[in-house]
Amino acid sequence: MSDELRRNLALFPIGIVQKLTELTPRQIRYYEQHELIQPARTEGNQRLFSFNDVERLLEIKKLIDQGLNMAGIKKMLAASAPAELPVKEEAKEEVQRMKDLSDEELHELLKKELFIHGRPGVSGSLIRGELSRFFH
DNA sequence: TTTCTTACA
DNA sequence: TGTAAGTA
């Protein structure tokens, strides 16, 4: 079984993810509503998260801790998830138009661009050492 | 017991 | 975001 497949296996319920990420179930569900994550569901409609989901949540948590709101986080994730980089310039301009985004948020976006330039073509997990290099 | 959705503080 | 209500 490939690593990629293993990382995408929906395994744990929200309770485990809560402990793994330090996020409340409320936040986790909220982020799902905003399409930051798309956990699988059991027959009983219970959410099942994969390692990738957990990693993504960990990054989201990092961003939240740094003062970003949903709008800011969506830009960040939208720029990295597609594995392509055509949106970086676009995202930057978008944020500049956002009157409700703080200078700190804009700063984060710039750091995100550095991240993209540093690892072109990477589609898998984003948070892994490399990212911390930019968020120090 | 745990999780889910909806809705209100 | 937190929390309550009523389920599954």
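A quick note: this is a predicted structure, and the numbers were derived from the prediction, not measured. Protein chains get the first letters and strands the later ones, always in sequence-line order, with residue 1 at the start of each. Any value given below was found using the heavy atoms of this structure, including those in side chains, with hydrogens, waters and symmetry copies removed.
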Using a cut-off of strictly less than 4.0 Å, decide whether [X] has a side-chain nitrogen or oxygen near OP1 or OP2 of [N].
X: Tyr31(A); N: dT1(C); value: yes
X: Arg47(A); N: dT3(B); value: no
X: Thr24(A); N: dG2(C); value: yes

Starting from [atom2] on [N], measure out to [atom1] on [X] and report it in whole angstrom.
X: Leu48(A); N: dT2(B); atom1: CG; atom2: C1'; result: 13 Å
X: Gln27(A); N: dT1(C); atom1: CD; atom2: P; result: 4 Å
X: Tyr30(A); N: dC4(B); atom1: OH; atom2: C1'; result: 19 Å
X: Asn69(A); N: dT1(C); atom1: CG; atom2: P; result: 11 Å
X: Leu23(A); N: dT3(B); atom1: CG; atom2: P; result: 14 Å

Counting C-beta onward and ignoring hydrogens, is there a side-chain heavy-atom pair between [X] and [Y] closer than 4.5 Å?
X: Gln27(A); Y: Lys61(A); value: no
X: Met70(A); Y: Ile64(A); value: yes
X: Ile73(A); Y: Tyr31(A); value: no
X: Gln33(A); Y: Tyr30(A); value: yes
X: Ile37(A); Y: Ile28(A); value: yes
X: Glu32(A); Y: Gln38(A); value: no
X: Phe49(A); Y: Thr21(A); value: no

Base-paired stems in DNA chain C, each at least three Watson-Crick or G-U pairs under 3.5 Å:
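Paired runs of 3+ in DNA chain C: B:4-9 with C:1-6.
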
Using the closest heavy atom to pick a nucleotide of DNA chain B for each, name whichever of Gln18(A) or Gln33(A) lands nearer the 5' end.
Gln18(A)

Please tabulate, one pair per line, each protein N/O and nucleotide N/O from nucleotides 7-9 of chain B that are separated by under 3.5 Å, including the distance.
none

Interatomic spacing from CG in Leu58(A) to CD1 in Ile60(A) - rounded to 0.5 Å:
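If I round to the nearest 0.5 Å, the distance is 9.0 Å.
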
Between Lys62(A) and Asp65(A), is there a side-chain N and carboxylate O pair less than 4.0 Å apart?
no

Which is it for Glu55(A) and Leu20(A) under the side-chain contact (heavy atoms from CB on, under 4.5 Å) test, yes or no, and what are the steps along the way?
CA-CA 10 Å; Glu55(A) 289 192 358; Leu20(A) 258 36; over 6 Å; no

Residues Leu48(A) and Asp53(A): closest non-hydrogen pair is O-OD2, 4.2 Å

Closest to the Arg29(A) side chain: dT1(C), dC4(B), dG2(C)?
dC4(B)

Numerically ordered, the residues 34-46 of chain A set in heavy-atom contact under 4.0 Å with DNA chain B is Arg41(A), Asn45(A), Gln46(A)

